[in-house]
2 protein chains.
Amino acid sequence: MCRVPETGERPYHHGHLRAGLLQAAERRLREDGVDGLSLRDLARELGVSHAAPRRHFPDRRALLDALAETGFARLDTVLRAALADTADDFAVRLQAVATAYTRFATENAALLELMFRSKHRPGGERVARAAEGAFALVNELIVQGQAEGALQAGEPEQAGLILFATLQGIAALVNGDVVPPEMRDGLVETATEQFLRGARPLP
Amino acid sequence: MCRVPETGERPYHHGHLRAGLLQAAERRLREDGVDGLSLRDLARELGVSHAAPRRHFPDRRALLDALAETGFARLDTVLRAALADTADDFAVRLQAVATAYTRFATENAALLELMFRSKHRPGGERVARAAEGAFALVNELIVQGQAEGALQAGEPEQAGLILFATLQGIAALVNGDVVPPEMRDGLVETATEQFLRGARPLP
DNA sequence: CTACAAAGTAGACGGTGACAACAAAGTTGG
DNA sequence: CCAACTTTGTTGTCACCGTCTACTTTGTAG
């Protein structure tokens, strides 16, 4: 079962169509943006009829939503991996997460845009749930910072939101060619430093 | 000349097609997003044949670029108006510009996205030039802040970029429904405060 | 007044997402 | 073992869209 299709043979059933569609779609998304992603094109690329994708994704949106969902899962993995590699010091952990996030956001620009766009449109509950994980992680980090005394206590949401907004904005500037990609990590570094200086408890 | 078309009459020449297209397109952009903007639809709405828009905009992109260009002009106007109303104190001026920008960015979400997307694609030089104004304004403000001693001297770009990124990110969070719109102005306020605290000269 | 340019019209082409009817290949129960 | 059923893929169709070409109408300048 689940044998990889031998090259040259064209069995009536593709066998991995859903996975193949997602994989090809993600590549297309990266290369041509969301507008350059056509169901018929994907079908052609996978050597399948133009209506075949419909069996797995009733809708173009459904495919995009699925991409967004796996995108959030991947983001969550990336962020947790970044945290796993660091010591316990809050500043270091914050730096690691911030860098990892903006890196993901710039290396998967179209995907990230899709993720946020899909999250809050009707029927995007699955996507929204997938997004919870990443947000929760950032909030935990903020709470840890407050516990360590590195951040002002109270209203953890606002502090976390502003930091998150800054990272998101840096990614937007890079993706929008306002800023060259080489400046990304440097900007993130000074941004988190300034954030720490600006949000630390008053002396 | 340039008489407003009387209701009921359908002169062969529309007379205000270009302006009408831009106006209708901007409304559609606001209501349905860029994907819901169809040239044929606009033509129908203006009671004109499907190929008529082509005389004024050779391309769908040309129409979108024109929208982006006027968008930057409007943004520039909004920002300068916000500055004109304030005293000379740097913190106050910064607050005013920041609030005005994020307000524009959230009230014209699809337009802003279009503006940044159009700016750096091939042939988007006119749009890019239109964008210069707004950027220059922010940079001037930063330089003023440094002159007043409210900001660290040197590398005005990075400080300005980070602030700009934060505002852009706050707008993105509001537009992405991560944050309710009522929180917008409050977030901007604390963000600029933290920015001032984080970027002021070391004592 | 006539030639020409500008602005709008009509029709066609290829591409796309959606849908319906049908066919092939697994799967399952007797 | 085979017949019903479900899953998956195919073919054909429809409406819509952006773009292009050829044509018509209108305004204008020589």
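In what follows, every chain begins at residue 1, and chains take the letters A, B, ... in the order their sequences are listed.
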Mind checking side chain to side chain donor-acceptor pair (under 3.5 Å) for B:Asp76 and listing every partner two or more places apart, or none if nothing turns up?
-> B:Arg80
Value for CG (A:Leu67) from CZ (A:Arg74), rounded to nearest 0.5 Å, stands at 9.5 Å
In whole angstroms, the gap separating P of D:dT8 from CG of A:Leu21 amounts to 12 Å
Mind running side chain to side chain donor-acceptor pair (under 3.5 Å) on A:Gln144 and A:Glu140 for me, showing each step along the way?
-> CA-CA 6 Å; A:Gln144 182 206 355; A:Glu140 285 167 26; over 6 Å; no
Salt bridge between B:Asp32 and B:Arg28, side-chain N to carboxylate O under 4.0 Å?
-> yes
Under 4.0 Å between a side-chain N or O of B:Arg18 and OP1 or OP2 of C:dA6?
-> no
Could you tell me whether the side chain of B:His50 has a donor or acceptor atom within less than 3.5 Å of a complementary atom in the base of C:dG11?
-> yes
For A:Arg60, does the CZ atom sit with more than 12 other heavy atoms under 6.0 Å from it, leaving out its own atoms?
-> yes
Please determine if A:Arg93 and A:Glu148 form a salt bridge, counting it only when a charged side-chain N lies under 4.0 Å from a carboxylate O.
-> no
Taking atom C1' of D:dG27 as reference, at what distance in whole Å does atom CG of B:Leu17 sit?
-> 16 Å
Rounded off to whole Å, could you give me the CZ-to-C1' distance for the B:Arg44 and C:dT9 pair?
-> 15 Å
Would you find more than 12 non-hydrogen atoms of other residues, nucleotides or ligands less than 6.0 Å from B:Gln23 atom CD?
-> no
What residues 51-63 of chain A contributes to the DNA chain C interface at heavy-atom separation below 4.0 Å is A:Ala51, A:Arg54, A:Arg55, A:Asp59, A:Arg60
In whole angstroms, how far is the C1' atom of C:dG8 from the NE2 atom of B:His16?
-> 15 Å
Within this structure, what is the CZ-to-C1' distance between A:Arg40 and D:dG9, rounded to whole angstrom?
-> 15 Å
Can you sort out which residues in residues 24-39 of chain B have a heavy atom within less than 4.0 Å of DNA chain D? Ascending by number, please.
-> B:Leu37, B:Ser38, B:Leu39
Using a cut-off of 6.0 Å, state whether more than 12 heavy atoms not belonging to A:Arg126 lie near its atom CZ.
-> no
